[in-house]
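Below is one structure, written out as structure tokens; the observations come after it.
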Number of protein chains: 2
Amino acid sequence: MKNTIADIAHKAGVAKSTVSRFLNGGSVSHATRRKIEQVIQETGYIPNSFAQSLKAKKTSMIGTIMPRLDSFSASQTVAGMDEELREHGYQLLIINASQDLSREIEALYDLARQKISGIILFATQVTETHLAAIKEIGIPVLLLGQQHKDVHSMIYNDYAAGYDMGRYVLSKGHRNIAYIGVTEKDVAVGVKRKEGFLKAVSEHVGVEVNLDLYESGFKMSDGVQTALTILQSNRTLPTAVVCATDNIALGVMKAAHMKGIQIPSEISVTGFGGYDVTEVIHPGLTTVKYGYFQAGHLAAQHIIKLVNDEPADLLTVMNCEMIHRESVDNLN
Amino acid sequence: MKNTIADIAHKAGVAKSTVSRFLNGGSVSHATRRKIEQVIQETGYIPNSFAQSLKAKKTSMIGTIMPRLDSFSASQTVAGMDEELREHGYQLLIINASQDLSREIEALYDLARQKISGIILFATQVTETHLAAIKEIGIPVLLLGQQHKDVHSMIYNDYAAGYDMGRYVLSKGHRNIAYIGVTEKDVAVGVKRKEGFLKAVSEHVGVEVNLDLYESGFKMSDGVQTALTILQSNRTLPTAVVCATDNIALGVMKAAHMKGIQIPSEISVTGFGGYDVTEVIHPGLTTVKYGYFQAGHLAAQHIIKLVNDEPADLLTVMNCEMIHRESVDNLN
DNA sequence: AATCATAGTGGAACCGGTTCCAATCAAGTG
DNA sequence: CACTTGATTGGAACCGGTTCCACTATGATT
């Protein structure tokens, strides 16, 4: 019951090469075609994909390395990628780096050994080691979420998102604002969003704006902590808390609720991300929606181009969309 | 720059077999060991894993087939599996079946062709076709979430969860209850939870309980729809709505909010699942928490046993834990 | 000194496919 | 009818590893 191509050939009374040709659409006479078909039918023969890949020196697999699996953005994006890749006959191999940069590197080499055709790397930071690995493995790599001049990259327009959010909050009359950011090691989330936001503030001439900057971790519980220090300080409370991620914003909302502070009447809150939950909670969270699913599709299309040596933009910037909900009060 | 084992052997002035022995810990003299080490160092040689697997006739990969990636339970479980598998030197290959049963079957054969060592199947339904495929591919398969007498299975104690929830809601004095279930094709979620709940109700002698059963889809929007039909009917509103999943419960809460109905003072709501969001929303959702992450670990351990032909329980039942929050009013 | 393990090594076969090349054979051409 | 053409087909080499087997030294044992 081993069923190799040689067995099939033998049972059908032909040579290996003929069976192979049959399988790959070469020229085979009608008679032998039928015989082989029948034998394959009977035996339930399935070609060994190693032997195939060994000869072909590549696979039809695309690898993706993600810092975590259990996040809304990650799973949405991956779902989109998967859909697109499947349509093009590629299989997606997902590797979880558990937010450990050295595991990302490891994964790059791992994927190279497996002769993966291309790699989509969900980046939070792009270090020298990353670049060295990417260069060494000689496989097309697409950065998702961060950019680097030497690597194909796909990013969201975080600067614009931050800017839009800033303009919006200011337009609602808020002049005493707390901004909760994240580590600047994450250029997209930690730097760009903040810069865009600051830009909006700096452009807002005529009235004085009091802006306090805080830094928090990515987890909701981090958001709760940071929010509590803000809410418990002796200074006047800000009228709005702008958070660099929806997760942090959810944490802030929780903290406010714990403190009996009403949203938005006593304090306004905003996020970034557009997670599904932000819609169903009350009040709904004003946020910036990122098209994760669509981004996955785009990323897949992009890596397929790279794999096939087709031309592709070095940098793709995707736009975001502001979602206005009830968590921001109008002070005007 | 092809770097095969033959190249290394040539450069080091030894035979292929010696290099192979060096790589796999055979007996190699100190001198040649050093030479080979150096050549490998210089060339950055990485063995071709196809050739290895071709000979070995298997991989150190475990495949998992999931109906969807973008769900809390799925991503949590997968994260747990991944952690455990990695520790044991296995790699996880994730396949997304997009809630399409025929794709699940396809995936089973796909994984078989790739000589995956074992498969963890996130099941919602186990059809005859599934069983036939599982039998045919001859690879260890572990069902997760559903059980079948012929296949190793791992399930949550949904019956007990439903029962506990029933007892709890009744103990809070609710006598007019709406139960929103899902399709009975999903035995675990659609049948077991409901049965457990009904059992609790049937045991509750002495007072009359008015129970209405509804069926909804799995999506939050389905929950909203179903809730609206309940809330808009002319009959007296139930005092509690018990939902078969957290997602549906979130939908119900949203619908209630849209209708200006207060939770829990006007209507109580419960879910199943223990999603993270159920904690941060207000009011917090009373639900049953499933240990997804831990389940992932367990599943991984289980499939590893199967792969190594070690004995393993045919059926593993995992317990759940009720989480009491504010979404249920005490009518006593 | 003769005998015997034994560590170290090279050669060749093998895993299961794909592909190049040469051979065959029937139909078409002048 | 000899010759060209093109469709089929089988044989052998190859992809890049692993492993069995035979052969050499080398040191240990009587």
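Residue numbers start from 1 in every chain, and the chains themselves are labelled A, B, ... in the order their sequence lines are given, proteins ahead of strands.
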Quickly work out the [X] [atom1] to [N] [atom2] distance and round it to whole Å.
{"X": "A:Phe50", "N": "D:dG17", "atom1": "CZ", "atom2": "C1'", "answer": "13 Å"}
{"X": "A:Phe22", "N": "C:dT18", "atom1": "CZ", "atom2": "P", "answer": "12 Å"}
{"X": "A:Arg34", "N": "D:dT8", "atom1": "CZ", "atom2": "C1'", "answer": "17 Å"}
{"X": "B:Asp7", "N": "D:dG17", "atom1": "CG", "atom2": "P", "answer": "9 Å"}
{"X": "B:Leu54", "N": "C:dC15", "atom1": "CG", "atom2": "C1'", "answer": "4 Å"}
{"X": "B:Asn48", "N": "C:dG16", "atom1": "CG", "atom2": "P", "answer": "16 Å"}
{"X": "A:Lys55", "N": "C:dG16", "atom1": "NZ", "atom2": "P", "answer": "16 Å"}
{"X": "B:Ile46", "N": "D:dG17", "atom1": "CD1", "atom2": "P", "answer": "11 Å"}

Q | Side-chain-base donor-acceptor pair under 3.5 Å for A:Lys57 and D:dC15 | A |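 Such a pair does not exist between side chain and base.
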
(Q) Using a distance-only criterion (donor-acceptor N/O pair, under 3.5 Å, no hydrogens), is the base of C:dG17 paired with the side chain of A:Lys16? (A)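 Answer yes: a donor N or O sits under 3.5 Å from an acceptor.
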
Please classify the nucleic acid contact of [X] as base, sugar-phosphate, or nothing, using heavy-atom distances under 4.0 Å.
{"X": "A:Ser20", "answer": "base"}
{"X": "B:Thr32", "answer": "sugar-phosphate"}
{"X": "A:Ser17", "answer": "base"}

(Q) As a test of reading the structure: which of D:dT9, D:dC14, D:dG17 is closest to the side chain of A:Val28, going by heavy atoms? (A)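 The nucleotide sitting nearest to the side chain is D:dT9.
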
Under 4.0 Å between a side-chain N/O of [X] and OP1 or OP2 of [N], yes or no?
{"X": "B:Asn24", "N": "D:dT18", "result": "yes"}
{"X": "B:Ser49", "N": "D:dG17", "result": "no"}
{"X": "A:Gln52", "N": "C:dG16", "result": "no"}
{"X": "B:Ser27", "N": "C:dT9", "result": "no"}
{"X": "A:Thr18", "N": "D:dG10", "result": "yes"}

Q: Among B:Met154, B:His302, B:Met66, find the one that has a side chain to side chain contact (heavy atoms under 4.5 Å, CB included) with B:Leu144.
A: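 So, applying the side chain to side chain contact (heavy atoms under 4.5 Å, CB included) to B:Leu144 and each of B:Met154, B:His302, B:Met66, only B:Met154 qualifies.
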
Q. Taking the inter-plane angle between the rings of A:Phe50 and B:Phe50 on a 0 to 90° scale, is it parallel (under 30°), tilted (30 to 60°) or perpendicular (over 60°)?
A.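 Judged by the thresholds at 30° and 60°, the geometry between A:Phe50 and B:Phe50 is tilted.
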
**Q.** Polar contact flag, side-chain donor to acceptor under 3.5 angstrom, A:Asp82-A:Tyr90
**A.**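 Side chains of A:Asp82 and A:Tyr90: no pair found under 3.5 Å.
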
Q) Judged by modelled atom types alone, do B:Glu136 and B:Tyr109 share a side-chain donor-acceptor pair under 3.5 Å? A)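 A pair is found: one side chain offers a donor N or O, the other an acceptor, under 3.5 Å apart.
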
Q. What do the steps show when you test B:Gln146 against B:Asp186 for side-chain hydrogen bond (donor to acceptor under 3.5 Å, both in side chains), and what is the final call?
A. CA-CA 8 Å; B:Gln146 305 284 343; B:Asp186 187 325; 2.7 Å; yes

Q: Select from B:Arg21 and B:Pro47 the residue whose nearest nucleotide in DNA chain D is closer to the 5' end of that strand.
A: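 On the 5' side of the pair lies B:Pro47.
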
